[in-house]
Amino acid sequence: MIYNFKKIEKKWKKKHKKINFFKINKNSKKKFYILNMFPYPSGYGLHIGHSIGYIFSDIISKYKSGLKYKILNPIGFDSFGLPAEQYAIYTGNPPIKIIKKSIKRYKNQLKNLGVFFNWDKIINTCSSKYYKWTQWIFLKLFDYYFDKKTNKAKKIKKLKKIIKKKIKWNELNNKTKNKILNKYRLAYLKKSYINWCPKLNSVLANEEVINGKSERGGYIVIKKKMLQWHLRITKYINRLLIDYKYLNWPKYIKNIQKKWIGKKKIFFFTIKIRNKKLKIYLKTKNKIYFIIFNFPSYYIDFLLKEYKKKKQIIKFINEKNYSFKNYKILINFKNSIKNNKIKLYISNYYKNNYIKNIYVDTSNNVLFKNIKNDFIINLKNKIEFNFFFKKTYIYNLNDLVFSRQRYWGEPIPIYYKNGIPKPITNKYLPLKLPLIKKKLFLKKKFKLDQLKKWSWNENKHKITYNKFINKKKGIYPLETNTMPSFAASNWYYLRYISPKYKKFLIDKKKYKFWKNVDLYIGGIEHINGHLLYSRFCHKFFKDLKIVKNKEPYKQFINQGIILNKTYSIYKYKNGFISYDNINKYNICNLQKFYIDKKYIINNNKLNINKIKENKIYNYNFILNSKKEFLCKKKIEKMSKSKLNIITPDKIIKKWGIDCYRLYIIFLGPFNVNKIWKIDKIKGMKRFLYKIWNFVLNIKSSKKYSNIYKSILNNYIYKIHFNYKELLIHKNISLFMKLLTFLIKKKINSIKIKKKFLILLSPYIPYITEELWKKIGGKKSIFYEKQPIFRSNKNKYVKYIIMINNKKKDIIFINKKNNNLDYLKLKIKNKEYFLNNKKNLKKYIFIKNKILNIIII
RNA sequence: GUCUAGAUGGUGAAAUAGGUAAACACGCAGGACUUAAAAUCCUGUAAUUCAAUUCAAUGAAUUUUGCGGGUUCGAUUCCCGCUCUAGACACCA
C-alpha cells in the first residue's frame, strides 16, 4: 500500500470537522488554557513565521489532551489598527471590507495547518459586541483612581468624600472640579507630543517617520503638542515589579520588562531660570553623569519662547542621528549659585525623537568622546550642590498615551459638555464606529472629526448631527480620537472563556474553571507593549474583583522569528543608485525601497528591464562601472513591508500538512530565530514513508521481549521531559531514533505500534489517524491516552568507565548491585584496567553515571 | 548608544543537575536496484598523526564547542576579560 498523503489529509480533514476535539475530556477536572497571541489579519495572509506558533500550540494542546486535560486553545483576530487603514487609503476600499476578506483567508490557511482551534469561540476586536466591553473598561478606568494607602484602585466617589473634608468642594465651579479629578483618574487628559506633518495635515506613527521626514512624500515632520487621553499605569509599577515572582517566564524576558519599567534611585536639585523652576536629576551626589529634564515638553516650549532659535532647534530635533557626538550648544546661562556659567547641551541621542536628556558641565572644554570616562565631571569643588540634593525614584515607563488620531479603532465613549469630558452611560454602549462602506471614500486620510454626524444627545442617548449641537437640548460633541490597538488586546484572553456572554465581559462561573492562561505564546517584541499593558489591566480587574489571580499569563514562551533574504535599492532625487556606489551620496538624502525577489538575477544583480514594467519603479537606474545594477542584500525578519514573505500554502500543496508540521518544528528550538531554508524537508518525508512501511509492512514472528519494554519506556520518559520543558523539536529526533530501533529489531507487536502512533499523533495528526484505523483503531486516535512512563520497568543502570576522563567502556549493571565494589569486580579483568593498574591513584564514583579512574 | 540573547562539523542542530561532544536530519562520496531518471535501500562522513594491512576493512594516540584566562578529577555547560552576530528600544502588529 502506498502512502498517498493528499488523499489521507483530505479525508481526515473532513472527518475531523465532525469530532469536537475540545469535548474529548469533557468531564475532566484538570484544565489547560493555551493561547497564541492573536494575529492581525493582514491582506497578505499568514506566513511561515506565524504558522510556527500555531503548530506549536496545537502539538502541546493535543499532547495535554492525551493526558486527559480539558483544553482551551482559542483564536481570534486583532482587526483594528493602522495597517488596515493604510491599506484602505492606498486602495480606496473601506477597512471593514479588507478585514473581512483577510479573516476569511486567514481562517482557510489556519485550517490547512491541521490545527484544532476552538472555532466556536472566535473573537474579532472590531465587532461592536466585543468593543462594547473595551469601552466599558475605559469608562471604569475613567471612574477609578489609585488609592496609595491600600495600593488599589477605588471609585472616584470615594475620592470626592476625602477631598470634601479638605476643601469646600461645592463652592468650586465645574471646570476646577474636573481639573482636580483629572489629576487622579486612571484614564485622564493630558497634553503630550505627537509626530505632526503640516503638509499632509495628519498625525504619523513613529514608523512612518524616517529621518525626520514623512515616509510618504518626504515632507518635514514636527513635534506637536496635543491634548490626549492617558492611562495611569505608573501607579501600578510597584505591583507590576513585585508580582514577577508569580510568573513562570524565562528570566531574560522578565529582565527585559523590568529594564523597561526602569526603576532607578536618583538625586535631584532644582534651579531657577527666569522664575521657572527646573528639576535636574543626577545619578549620584558627587558626579554628574548626565542630567535629565523631567519635563521635556515644557522645556522645548521654554526654549522656543526664550530664545529665538526656533528654526535651529526644530531642525536639530528632526535629525534622527543616534550618534552621541551629535550635540549642540544651545544656550549659556548663569548658575544662580556661584555665577558659574553652565552650558546646556541638548542631544537627541536618547530613544525616540523626544528630547529627554540634557547634559550639563561647568568647564568650557568637555569632550563627549566616551560616555563612560570623559563625561564624568566632578562638580564638587566648584559648586556646592550637595545642599540641594534630594533622593527620589524615577521610572523609564511613562503613562500610556491612549488617544489615536485615526479612524480605524474603538471610539472613546466620551462627550464634551462645556469642555468637560463626560462618560456615556454604560447602558448605551457600545458607541458604534460609523462604518463607511463607500468605495474611494477613504482615498484621503479620514478621521472622526470629519464626520457630520458625530455628536451625542444626552437626553435621548443617541448619536446625532453636529449641526444640532445645543447646550439647552443637551447635544454635545463626541470625542473624535479612537483607542490604540492595545486597548483590545489588553483583555482578550478573558473574553475567550465566554465569548458570547452578553451580560458581562466574562461569565464568572466559567472563569472559575478556566482562570488564567496556562501557557501563552507570542513574539518577543510584545514584551514591553501588549504583555506589560495586559498585566496592568489584569491588576485593575483584580481591584474591580472581576478576576482572582494576580497575573494573567502563568507561563510565557516567545516564538523565534523567521528570517529571510531581503533586497533593497536606494533612490536619490529621481534616480536609483547601484549599491556599490552608495558611499558617494549623503545617506540622509537617500530613500530606501524594498523590492521583490523576482527582480533579482544571480545573487544581488537587478533585472532592470523586468522592474521597469512596474510603474512604481519607473525612474532612471544609474549603473556602476561594470554596467550592472546591484542591490543591497540582507537577512531580515519576514514581513510584508520587506517583501520577503513566504506563505506555507505552496509548501503544503507539494509536501503535505504532516510533513510541513514536522519540518517547521524540526527547524530548531522554538524560541530561537531561524533563517528560512526548505532543503531539509526531504528528510521529514522519508521519515513519514518509513512510519507508513513500518506499521503496515513489517511482519515477523519475533516476540516482544522485556528489554524492548524498558528501552521504549526510556524513550517515553525523554519525550515527556521534552514536552515539560517545551523543547518539542527534540522529540522528532527521538521518534526517528525509536523508529529505526523498532525496524532493526523487526518488532511486529501491535501494542508497540499503537503506542508509537499515539506518541506521534500530536505532531502528525493525519498519517497517524489513517494508520490507527488500518491497524484496528475504532475511534479517532485523539481519544487515546498518551503512554505514561513507568519507573519500575527499568532494571539496569548504565555506567561509563573512564580513565583520566577518557571514555574506555560502557557497562550495564543490575540495580540490585548498584555500587562501587561490584563495578570494580566487573572491570577487574578488562585490558584497559590491567594496563593501568600500577599507576592507580583513586576512583571517582558517581552513582548511576560514571566511574572515573585517575592514574598518575 | 543602551539593553537582551547567541556563537558547536560542509549545513540545521543534539548533549537531563558540570560527566560518552557532534545524537537526529540535510548535503556530499561510494554502492545496490533500474534502459534511464526520480524515488527507495545500504555504507562512509570533525581534523591530524601513527601503527598494521593492503582486495576490502581495522586499531591506537592527539587536537577540537568564537578568542584568551580561571575554578574542578572533569567545562559546550559555572566565573572574568575580549571579538563577532542577531533582536528590542514608545501611534509597528
Side-chain angles (χ1 to χ4, degrees), chain A residues 37-42 78 80-84 194-195 203-209 228 250-253 255-256 258-260 262 322-326 347 349-354 371 396-398 400-406 409 482 484-486 489 522-530 558 560-561 563 635-637 639-641 663 666-669 671-675 677 679-687 689-690 693 717-718 721-722 725 727 729-730 732-737 740 798 800-802 804-810 841-844 846 849-854:
Chain A
M37 284 184 184
F38 60 171
Y40 184 88
S42 88
D78 186 15
F80 271 136
L82 192 61
I194 44 146
N195 296 314
V203 180
L204 300 176
N206 272 1
E207 206 189 41
E208 297 170 281
V209 184
Q228 300 192 85
K251 247 190 187 175
Y252 69 93
I253 301 263
N255 284 339
I256 292 173
K258 276 184 202 169
K259 287 272 175 188
W260 185 246
Y322 283 144
S323 154
F324 188 75
K325 285 172 191 167
N326 187 12
S347 163
Y349 128 88
Y350 207 66
K351 60 188 158 191
N352 195 4
N353 287 347
Y354 292 79
I371 191 167
N396 183 36
L397 187 72
N398 296 334
L400 308 175
V401 183
F402 201 69
S403 301
R404 300 286 183 269
Q405 292 70 36
R406 301 190 176 277
T482 52
S485 56
F486 66 76
S489 60
I524 198 167
E525 65 275 21
H526 298 280
I527 289 171
N528 293 333
H530 155 67
N558 71 293
I561 297 163
L563 309 166
I635 288 173
E636 289 179 284
K637 185 177 168 179
S639 102
K640 62 209 165 202
S641 62
Y663 179 62
F666 193 69
L667 276 177
N671 56 354
V672 167
N673 297 348
K674 295 157 222 127
I675 296 169
K677 270 179 189 171
D679 54 355
K680 286 173 179 58
I681 201 165
K682 263 188 192 176
M684 298 303 122
K685 196 85 206 181
R686 275 180 206 154
F687 177 53
Y689 278 120
K690 255 188 177 182
N693 288 330
Y717 170 76
K718 282 179 192 167
F721 179 83
N722 288 338
E725 301 289 314
L727 300 167
H729 66 294
K730 288 185 195 172
I732 296 175
S733 302
L734 289 177
F735 293 146
M736 287 173 171
K737 269 190 206 175
T740 41
K798 186 170 138 189
I800 293 153
I801 311 298
M802 296 169 124
N804 277 359
N805 301 309
K806 290 264 149 66
K807 185 184 99 179
K808 293 291 168 188
D809 203 359
I810 296 171
K841 201 178 166 193
K842 64 170 173 177
Y843 295 98
I844 291 165
I846 284 120
K849 259 184 194 169
I850 268 173
L851 176 67
N852 193 2
I853 301 160
I854 308 297

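Order of the sequence lines fixes the chain letters, A, B, ..., with proteins taken first and strands second; residue numbering starts at 1 for each chain.
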Just the atom pairs and distances: protein N or O near nucleotides 58-61 of chain B's N or O, under 3.5 Å.
| residue | atom | partner | partner atom | Å |
| --- | --- | --- | --- | --- |
| B:A61 | OP1 | A:K808 | NZ | 3.1 |

Could you write out each protein N or O paired with an N or O of nucleotides 9-11 of chain B at a distance under 3.5 Å?
| residue | atom | partner | partner atom | Å |
| --- | --- | --- | --- | --- |
| B:U11 | O2 | A:K680 | NZ | 3.3 |

I'd like a list of close polar pairs between nucleotides 71-78 of chain B and the protein, N/O only, cut-off under 3.5 Å.
| residue | atom | partner | partner atom | Å |
| --- | --- | --- | --- | --- |
| B:C73 | O2' | A:N805 | ND2 | 3.4 |
| B:C73 | O2 | A:N852 | ND2 | 3.0 |
| B:G74 | O4' | A:N805 | OD1 | 3.4 |
| B:G74 | O4' | A:N805 | ND2 | 3.1 |

Give me the distances for all protein-to-nucleotides 45-47 of chain B N/O pairs that come in under 3.5 Å?
none

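In terms of the side-chain hydrogen bond (donor to acceptor under 3.5 Å, both in side chains) criterion, residue partners of A:S489 (sequence neighbours excluded) are, by chain and number, A:H530. Applying the side-chain hydrogen bond (donor to acceptor under 3.5 Å, both in side chains) test to A:H526 and every residue at least two apart in sequence or in another chain returns nothing. The ring-ring contact (aromatic ring centres under 6.0 Å, His included) test applied to A:Y689 returns A:Y3, not counting sequence neighbours. With sequence neighbours left out, A:N722 forms a side-chain hydrogen bond (donor to acceptor under 3.5 Å, both in side chains) with A:N731. The ring-ring contact (aromatic ring centres under 6.0 Å, His included) test applied to A:F38 returns A:Y492, not counting sequence neighbours. Evaluation of the side-chain contact (heavy atoms from CB on, under 4.5 Å) rule for A:K258 yields A:L241, A:Y244, A:N255 as partners, not counting sequence neighbours. Looking at residues two or more places apart in sequence or on another chain, you find no ring-ring contact (aromatic ring centres under 6.0 Å, His included) involving A:Y40. Partners of A:Y717 by ring-ring contact (aromatic ring centres under 6.0 Å, His included), not counting sequence neighbours, listed by chain and number: A:F789.
Within the 4.0 angstrom heavy-atom criterion, base atoms lie near A:S403. Within 4.0 Å (heavy atoms only), A:P39 reaches no atom of the nucleic acid at all.
Scanning all heavy atoms of the two residues, the minimum distance from A:F666 to A:H729 falls at CD1-O, 4.3 Å. Of all non-hydrogen atoms in A:V401 and A:P484, the two that sit nearest each other are O-CG, 4.4 Å.
Among the nucleotides B:A23, B:A93, B:G12, the one closest to any side-chain atom of A:S733 is B:A23. Of the candidate nucleotides B:C24, B:C41, B:U16, B:C24 has the atom nearest to the side chain of A:K737. In this structure, the nucleotide among B:G27, B:C24, B:U20 sitting nearest to the side chain of A:K807 is B:U20.
Pair assignment for B:U71: none, as no Watson-Crick or G-U wobble contacts are both less than 3.5 Å.
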